[in-house]
Amino acid sequence: VIAFFQPKVLAGRRILITAGPTSEPIDPVRVITNRSSGKMGYALARAAREAGADVLLVSGPTALPAPYGVQRVNVETARDMHSAVMRSAADMDVFIAVAAVADWRVANSSQTKIKKQADGHAPSLQFEQNPDILAEVAAMPSGPWCVGFAAETEKLHEQAQAKRARKHVPLLVGNLAQQAMHADTTEIVLFSDEGADALPPLPKLDAAREIVRQIARRLPATATQ
Ligand code: CTP
Ligand code: CA
């Protein structure tokens with residue numbers, strides 16, 4: 001009902017969003033993952049859809065239903081997420097990377113369940129770095145307009161501005177990790193070439209609507225507009 005009254009600031013825009021954690025197998029019954037409920041990414045998918053966008057949500061494992069009118073593709077690993085994103089990124093106007101992507105996958109994962117050893121000896125895992133999905137999309141020639149997220153545990157402003165520069169994204173949404181995970185409210189700071197804009201603590205859907213407004217305001221006009 002509320003959605004009807006949202007201004008359609010993203011009408012006609014195609015928006016790709018990643019959300020949730022990724023999950024990297026150790027063996028068929030064990031995984032390594034990041035702490036993420038998916039709530040912020042799903043709130044953004046809903047807010048973008050309410051603003052008139054055509055939304056594709058590439059989601060890692062979460063307990064959330066797809067928002068109304070949003071097309072969802074489910075993935076498990078960072079590499080699956082990377083392929084799903086790369087399949088459609090070139091057709092998109094905006095890419096919002098909200099997913100908490102596992103930075104490493106297990107290089108020596110096992111096809112069969114690893115059994116406990118009688119002598120108490122623990123397995124050792126080796127890691128390999130996963131592709132950086134956001135950095136790769138941001139580097140595409142005539143690719144979508146990119147928005148990144150960053151959850152930091154310290155020095156938010158410094159780290160977020162450095163990350164924005166490193167990934168070459170015009171807008172990066174930062175928050176302090178301890179406060180954001182699994183909560184229904186969030187306290188975010190928007191980093192752009194205009195500087196840092198700190199929002200008050202807000203329910204995630206309200207924060208998402210504000211991010212959508214900020215994206216719409218900054219987005220270059222299309223040929224038809
Ligand atoms: N991201 C991504 N693919 C990855 C890692 C991160 O698309 N393999 C995206 C996230 O979705 C987020 C942004 O990049 O939008 C920043 O993620 P973050 O983990 O904060 O950055 P990293 O570059 O991985 O740096 P670090 O974890 O060391 O802080
Ligand atoms: Ca990371």
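Remember, it's a predicted structure, so these values are computed and weren't measured experimentally. Values reported hereafter were calculated over all heavy atoms of this structure, with side chains retained and with hydrogens, waters and symmetry mates removed.
Taking both residues in full, the closest heavy atoms of Ala45 and Val55 are given as O-CG2, 3.8 Å, listed atom of the first, atom of the second, then distance. Across Pro61 and Pro21, no two heavy atoms sit closer than the pair O-CD, 3.2 Å. Nearest heavy-atom pair across Ser37 and Lys204 is OG-NZ, 4.4 Å. The shortest non-hydrogen separation linking Ala102 to Asn130 is O-ND2, 2.8 Å. In terms of heavy atoms, Ala196 sits closest to Val189 at CB-CG1, 3.9 Å. Residues Thr22 and Ala78 approach most closely at CB-N, 3.7 Å, considering heavy atoms.
Between Glu194 and Arg217 there is a salt bridge, since a side-chain N of the basic residue sits under 4.0 Å from a carboxylate O of the acidic one.
Between Lys39 and Thr186, the closest side-chain pair of non-hydrogen atoms is not below 4.5 Å. Using a 4.5 Å heavy-atom cutoff, the side chains of Pro25 and Thr77 are in contact. Contact annotation: the side chain of Leu16 never approaches that of Pro144 to less than 4.5 Å [non-hydrogen atoms, C-beta and beyond]. Between Val169 and Val147, every side-chain heavy-atom pair lies at or beyond the 4.5 Å cut-off. By the 4.5 Å heavy-atom criterion applied to side chains, Pro131 and Arg79 are counted as neighbours. Counting heavy atoms from C-beta outward, Asp93 and Leu10 have side chains that stay 4.5 Å or more apart.
Ser59 places no side-chain N or O within donor-acceptor distance of the main-chain N or O of Gly20, the cut-off being under 3.5 Å. Counting only distance, with no hydrogens or angles, the side chain of Arg14 and the backbone of Asp91 share a donor-acceptor pair below 3.5 Å. With hydrogens and angles disregarded, no donor-acceptor distance shorter than 3.5 Å links the side chain of Arg13 to the backbone of Asp54. Listed for the Asn34 side chain is a donor-acceptor partner under 3.5 Å among the backbone atoms of Val101. With hydrogens and angles ignored, the 3.5 Å screen pairs no side-chain donor or acceptor of Lys116 with any backbone N or O of His121. No donor-acceptor pair under 3.5 Å is formed between the side chain of Glu158 and the backbone N or O of Leu156. Under a 3.5 Å cut-off, the side chain of Asp80 and the backbone N or O of Val75 do not form any donor-acceptor pair. A donor-acceptor distance shorter than 3.5 angstrom exists from the side chain of Arg30 to the backbone of Ile114, with no hydrogens or angles considered.
Applying side chain to side chain contact (heavy atoms under 4.5 Å, CB included) to Met40 and the options Leu205, Ile96, Val98, Val173 leaves one that passes, Val98.
The ring-ring contact (aromatic ring centres under 6.0 Å, His included) test applied to His168 returns no partner, not counting sequence neighbours. Under the rule for a side chain to side chain donor-acceptor pair (under 3.5 Å), the partners of Arg164 that lie at least two apart in sequence or sit in another chain are Gln161.
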Next item on the list: Could you walk me through whether Arg209 and Arg213 pass the side chain to side chain contact (heavy atoms under 4.5 Å, CB included) test, one step at a time?
Entry: CA-CA 6 Å; Arg209 286 175 175 152; Arg213 276 192 287 278; 4.3 Å; yes

Notebook entry, point to check: Can you list the steps and then say if Met92 with Leu56 is a side chain to side chain contact (heavy atoms under 4.5 Å, CB included)?
Noted result: CA-CA 9 Å; Met92 296 287 166; Leu56 175 61; 3.9 Å; yes

Checklist line | From CA spacing to verdict: side chain to side chain contact (heavy atoms under 4.5 Å, CB included), Arg218, Gln214 | finding: CA-CA 6 Å; Arg218 291 179 163 89; Gln214 298 281 341; 2.8 Å; yes

Note to self: Working note: Phe149 + Leu134, criterion side chain to side chain contact (heavy atoms under 4.5 Å, CB included); need CA distance, chi angles, decisive distance, verdict.
What the structure shows: CA-CA 10 Å; Phe149 269 70; Leu134 176 59; over 6 Å; no

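We find the CG-CG distance between Leu199 and Asp206 to be 10.5 Å, quoted to the nearest 0.5 Å. For the atom pair Ile32 CD1 and Ile26 CD1, the distance stands at 4.0 Å (nearest 0.5 Å). A distance of 8.5 Å separates CG in Leu57 from CG in Asn74, rounded to the nearest 0.5 Å. The structure places CD1 of Ile15 at 12.0 Å from CZ of Phe95, a figure rounded to the nearest 0.5 Å. Annotation: the span from Glu24 atom CD to Asp103 atom CG amounts to 9.5 Å, rounded to 0.5 Å. Taken from NE2 in His82 to CG in Asp132, the straight-line distance is 9.0 Å, to the nearest 0.5 Å.
Applying the 6.0 Å contact sphere to CZ of Arg72 captures more than 12 heavy atoms from other residues, nucleotides or ligands. No more than 12 heavy-atom neighbours from other residues, nucleotides or ligands sit within 6.0 angstrom of CD on Gln111.
Neither Val106 nor Met81 shares a network with the other; the hydrophobic side chains, linked directly or stepwise wherever heavy atoms of I, L, V, M, F, W or Y lie under 4.5 Å apart, form separate groups for each. Using a 4.5 Å cut-off between side-chain heavy atoms of Ile, Leu, Val, Met, Phe, Trp and Tyr, with links allowed through other members, Val31 and Leu125 fall into different hydrophobic clusters.
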